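Scroll down for the structure; my scribbles are underneath it.
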Amino acid sequence: MPPRQRLAPADRRAQLLAVGTRLFAAHPYADVRMEEVAERAGVSRALLYRHFAGKEALFAAVYQQAADRLLAETRFDPTDSLVEQLTQGMDVHLDYFVANRNAVLTANRVLAGDPVIQTIMTNELDALRARLLTVLPLADESAREAVSGALKSWLVFVQTLCVDWLTHETCTRTQLRDVCIGAAIGALRPLFAEDPAPDWPPHRPGAVT
């Protein structure tokens with residue numbers, strides 16, 4: 001074990017989260033040991049357990065941190081088109097999913113029944129839905145409720161599809177992203193008087209018209 005550095009509690013927690021993030025990204029959940037986390041951080045197991053009660057608590061903190069970062073990096077700019085906003089949001093999330101495949105599969109498969117993990121994911125999806133609602137041209141409260149319901153179902157669809165794709169890549173990343181964007185537009189079009197995405201689908205060279 002490397003010599004222990006004296007750190008303030010907040011800095012020590014951040015260090016342990018960084019080590020946990022790397023390990024949960026690199027290995028399946030079952031292969032990550034708290035002993036290795038402590039060793040890589042240069043701390044005792046007792047100190048690690050003072051910050052996190054167990055592996056589940058450490059993973060939950062890692063995943064909460066990731067959810068917060070994804071929300072911060074997902075931009076919803078009303079000056080952008082709906083397609084541009086959806087593309088940016090999907091790319092931010094797919095970047096994370098690909099780089100942290102094991103962590104995403106842990107949250108959605110291994111710990112799918114954990115109420116803390118479920119709360120983290122539900123809160124992020126709700127936040128994304130709320131932010132999308134602020135940039136869409138909604139006529140009234142009735143329209144807002146209809147669009148909110150469609151977005152809620154769409155976000156669950158995207159989550160399920162992306163997890164399946166991480167398990168078995170049946171298409172390219174670009175195709176996956178476009179399927180998700182197309183599903184959103186298809187769900188929203190009937191709810192607007194004017195087409196919210198007249199630029200979709202994009203023209204693809206060689207496509208049959």
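What you see below is based on every heavy atom in this structure, not just the backbone, and it leaves out hydrogens, waters and symmetry mates. Because the structure is a prediction, the values reported are computed rather than measured.
- Between the side chain of D31 and the backbone N or O of H27, no donor-acceptor pair lies under 3.5 Å.
- The main-chain N or O of Y29 is found under 3.5 Å from a side-chain atom of K55 such that the two form a donor-acceptor pair.
- Open room surrounds CD on E194; 12 or fewer heavy atoms of other groups in view lie less than 6.0 Å from it.
- A search for salt bridge (charged side-chain N to carboxylate O under 4.0 Å, His left out) contacts involving D126 returns R129, not counting sequence neighbours.
- Across all their heavy atoms, L125 and L155 have their closest contact at O-CD1, 3.3 Å.
- Annotation: side chain of R144 is in contact with side chain of E141 (closest heavy-atom distance under 4.5 Å).
- One distance of note links CG of D80 with CD of Q85; it measures 5.5 Å at 0.5 Å rounding.
- Considering only heavy atoms from C-beta on, V135 stays 4.5 Å or farther from D77 through its side chain.
- Checked against E124 for a side-chain hydrogen bond (donor to acceptor under 3.5 Å, both in side chains), the options Q64, Q159, H93 give a single hit: H93.
- Using a distance-only test at 3.5 Å, with no hydrogens or angles considered, a donor-acceptor pair links the side chain of D114 to the main chain of I117.
- No donor-acceptor pair under 3.5 Å is formed between the side chain of T74 and the backbone N or O of L71.
- E36 contributes no side-chain N or O that, together with a main-chain N or O of R33, makes up a donor-acceptor pair within less than 3.5 Å.
- Listed by first and then second residue, the salt bridge (Lys or Arg N to Asp or Glu O under 4.0 Å) pairs involving residues 95-110 are D95-R173, R101-E169, R109-D164 (not counting sequence neighbours).
- The aromatic rings of F59 and F24 sit perpendicular, their planes meeting at an angle over 60°, well past the 30° parallel limit.
- Although no hydrogens or angles enter the test, the distance criterion places no donor-acceptor pair under 3.5 Å between the side chain of W165 and the main chain of L176.
- Cluster membership for V156 and L128, using ILVMFWY side-chain heavy atoms within less than 4.5 angstrom, is not shared.
- For N102 (side chain) and A25 (main-chain N/O), a donor-acceptor pair under 3.5 Å exists by modelled atom type.
- The backbone N or O of L7 sits nowhere less than 3.5 Å from a side-chain atom of D11 that would complete a donor-acceptor pair.
- Contact annotation: the side chain of L16 approaches that of V43 to within less than 4.5 Å [non-hydrogen atoms, C-beta and beyond].
- No donor-acceptor distance shorter than 3.5 angstrom exists from the side chain of E145 to the backbone of S142, with no hydrogens or angles considered.
- Residues T172 and Q175 form a side-chain contact, since some pair of their non-hydrogen atoms from C-beta on lies under 4.5 Å apart.
- In this structure, the side chain of R189 engages the main chain of A197 through a donor-acceptor pair within 3.5 Å.
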